[in-house]
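Notes to accompany the following structure.
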Amino acid sequence: MPELPDVESFRHVLDSHGRGRRIEDVEVNDAGVLRGVTARRLRQALRGRRFRAPGRHGKWLIARTDGPAVLMHFGMTGELVGGPQAEERHPHDRVVFVLDHGRLCYRDQRKLQGIRLADDEAAVERLLADQGPDALDVGRQEFAEAIGVRRGGLKSALIDQSVLAGLGNLLADEILWRSRLHPSRPARELSDDELRRLHGETRRVLRQSVRAGRVPGRPSWLTGHRDDPHPQCPRCGGPLRRGRVAGRSTVWCPQCQPAD
DNA sequence: CGTGTTGTTCAGTT
DNA sequence: TAACTGAACAACAC
């Protein structure tokens, strides 16, 4: 599930349930999600701290406190759930932040990613050093410089977090479809006009997805047809194609997105 | 028992 | 060097 828009909604969960609240305890139910930190150190570093305004970069959620910061990545199935303390424990609640009022659960079925601890802002920077500019607020110039110089295909560039941070498989397909660009088009061959279009659609799709709290599966979106047995293009009505591009399952319209 | 999955990383290769 | 490929990670659905 989690691409940039989902993580943005987790940021809102953290902001509304956690901001200003005191961390009474950190329950680590499954240490398998802790990366580079032990359960003991995590508890000890966070007990008594208060959450501050959270941040986000790409698919990373940055839970800042008046002490260290917690960095969370949600892999493919993770989520952040806020609720009352008394609520029943969910089997996939790997880490629970018990607050002076309510709690926050890092919930994840698979454990492909996890939680890191950053002692200070410099450590946050170090942990995010390999990330490209955030896809939500990247400017046209910076976008063109990041994407337009890549030697490989467009889709591979869009989902590479070191090029642009935040886009995943679904968003990349949606953005390419709206931009009428084939996923395998060499990124370097794009005209200025095509790069501008790609940037514009990236912003448009992201803004709408963030407003919806996720990538919407609306019928007018490509994403709304991914799982149809014989998917049709919502724009031209022609058959959509499925295939593997950049190692990921990819959907595109051969009519609207010609190979070159 | 196979296959596939909205993510990332690493080894090996082109 | 840049970038691609496939496997691995973990857990589940079909």
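Below, chain A is the first sequence line, B the second, and so on; all start at residue 1. Heavy-atom basis, side chains included; hydrogens, waters and symmetry copies ignored.
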Exercise. Should the heavy atoms of other residues, nucleotides or ligands under 6.0 Å from CG of A:Asp130 be counted, would the total exceed 12?
Worked result: yes
Exercise. Would you call A:Arg214 and A:Asp6 a salt bridge, using N to O less than 4.0 angstrom?
Worked result: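 Judged by the 4.0 Å cut-off on N to carboxylate O distance, A:Arg214 and A:Asp6 do not form a salt bridge.
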Exercise. Do the charged groups of A:Glu194 and A:Arg180 touch, with an N to O distance under 4.0 Å?
Worked result: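 Salt bridge flag = no for A:Arg180 with A:Glu194.
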Rounded to whole angstrom units, what separation is found between the [atom1] atom of [X] and the [atom2] atom of [N]?
| X | N | atom1 | atom2 | value |
| --- | --- | --- | --- | --- |
| A:His57 | B:dT8 | NE2 | P | 12 Å |
| A:Asp130 | B:dG7 | CG | P | 16 Å |
| A:Arg214 | B:dG7 | CZ | C1' | 17 Å |
| A:Asp108 | B:dT5 | CG | P | 18 Å |
| A:Arg226 | B:dG4 | CZ | P | 14 Å |
| A:Asp227 | B:dT6 | CG | P | 9 Å |
| A:Arg248 | B:dT3 | CZ | P | 18 Å |
| A:His73 | B:dT9 | NE2 | C1' | 11 Å |

Exercise. With A:Trp252, which residues qualify under side-chain hydrogen bond (donor to acceptor under 3.5 Å, both in side chains), at least two apart?
Worked result: A:His182
Show which side-chain atoms of residues 148-157 of chain A pair as donor or acceptor with protein atoms under 3.5 Å away, not counting sequence neighbours.
from, atom 1, to, atom 2, distance (Å)
A:Arg150, NH1, A:Asp160, OD2, 3.4
A:Lys155, NZ, A:Asn169, OD1, 2.5
A:Lys155, NZ, A:Asp173, OD1, 2.7
A:Lys155, NZ, A:Thr250, OG1, 2.9

N/O donor to acceptor pairs below 3.5 angstrom from side-chain atoms of residues 228-240 of chain A, sequence neighbours left out:
from, atom 1, to, atom 2, distance (Å)
A:Asp228, OD2, A:His225, ND1, 3.1
A:Arg235, NH1, A:Trp177, O, 3.3
A:Arg235, NH2, A:Trp177, O, 2.8

Exercise. Which residues pass the ring-ring contact (aromatic ring centres under 6.0 Å, His included) test with A:His92, sequence neighbours left out?
Worked result: A:His90
Exercise. What residues form a ring-ring contact (aromatic ring centres under 6.0 Å, His included) with A:His12, not counting sequence neighbours?
Worked result: none
Problem set entry | Within residues 153-169 of chain A, residues whose heavy atoms come under 4.0 Å of DNA chain B |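 When residues 153-169 of chain A is checked for heavy atoms under 4.0 Å from DNA chain B, the hits, listed by number, are A:Gln161, A:Gly168, A:Asn169.
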What donor-acceptor contacts under 3.5 angstrom involve side-chain atoms of residues 41-54 of chain A, with partners at least two apart or in another chain?
from, atom 1, to, atom 2, distance (Å)
A:Arg43, NE, A:Asp25, OD1, 3.0
A:Arg43, NH2, A:Asp25, OD1, 3.2
A:Arg47, NE, A:Glu24, O, 3.3
A:Arg50, NH1, A:Gly20, O, 2.9

Problem set entry | P spacing across the pair B:dG2 / C:dA7, given as an integer number of angstrom |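 Result for the P pair: 15 Å, nearest Å.
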For this session: Between C:dG6 and B:dT3, how far apart are the P atoms? Round to whole Å, please.
Result: 14 Å
Problem set entry | Candidates A:Ile23, A:Val81, A:Val96 - the one meeting side chain to side chain contact (heavy atoms under 4.5 Å, CB included) with A:Arg103 |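 For A:Arg103, the side chain to side chain contact (heavy atoms under 4.5 Å, CB included) test succeeds with only one of A:Ile23, A:Val81, A:Val96, which is A:Val96.
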Nucleotides 10-14 of chain B: which of its N/O atoms have a protein N/O under 3.5 Å away?
none

Exercise. Just checking A:Arg244: base, sugar-phosphate only, or nothing, at a heavy-atom cut-off of under 4.0 Å?
Worked result: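 Sugar-phosphate contact only.
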For this session: Scan A:Arg150 against the nucleic acid and name what it touches under 4.0 Å (heavy atoms): base, sugar-phosphate only, or nothing.
Result: sugar-phosphate
For this session: State whether A:Trp221 and A:Arg226 meet the cation-pi test: NZ (Lys) or CZ (Arg) under 6.0 Å from the six-membered ring centroid, and within 45° of the perpendicular axis.
Result: no
Exercise. Is any side-chain nitrogen or oxygen of A:Thr223 closer than 4.0 Å to OP1 or OP2 of B:dT6?
Worked result: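 Looking at the OP1 and OP2 atoms of B:dT6, neither is under 4.0 Å from any side-chain N or O of A:Thr223.
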For this session: Return no unless some side-chain N or O of A:Ser209 is found under 4.0 Å from OP1 or OP2 of B:dT6.
Result: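 So the side chain of A:Ser209 is outside the cut-off, no N or O lying under 4.0 Å from OP1 or OP2 of B:dT6.
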For this session: Report the residues that fulfil side chain to side chain contact (heavy atoms under 4.5 Å, CB included) with A:Ala165, sequence neighbours left out, ordered by chain and then residue number.
Result: A:His57, A:Gln131, A:Gln161
Problem set entry | Min side-chain heavy-atom separation A:Asp134-A:Leu4 under 4.5 Å | yes
Problem set entry | Residue pairs fulfilling ring pair (Phe, Tyr, Trp, His ring centres under 6.0 Å) with at least one residue in residues 58-85 of chain A, sequence neighbours excluded |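 For residues 58-85 of chain A: A:Phe10-A:Phe74, A:Trp60-A:His73, A:Phe74-A:Tyr106.
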Dump the pairs, protein N or O against N or O of nucleotides 7-14 of chain C, anything under 3.5 Å, distances to one decimal.
from, atom 1, to, atom 2, distance (Å)
C:dA10, N1, A:Arg110, NE, 3.1
C:dA10, N1, A:Arg110, NH2, 2.3
C:dA10, N3, A:Arg110, NE, 2.8
C:dA11, OP1, A:Lys111, NZ, 2.8

Exercise. When you look for runs of 3 or more Watson-Crick or G-U pairs in a row, both distances below 3.5 Å, which of them include DNA chain B?
Worked result: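 B:2-5 with C:11-14, B:7-14 with C:2-9 - these are the stems of 3 or more pairs that involve DNA chain B.
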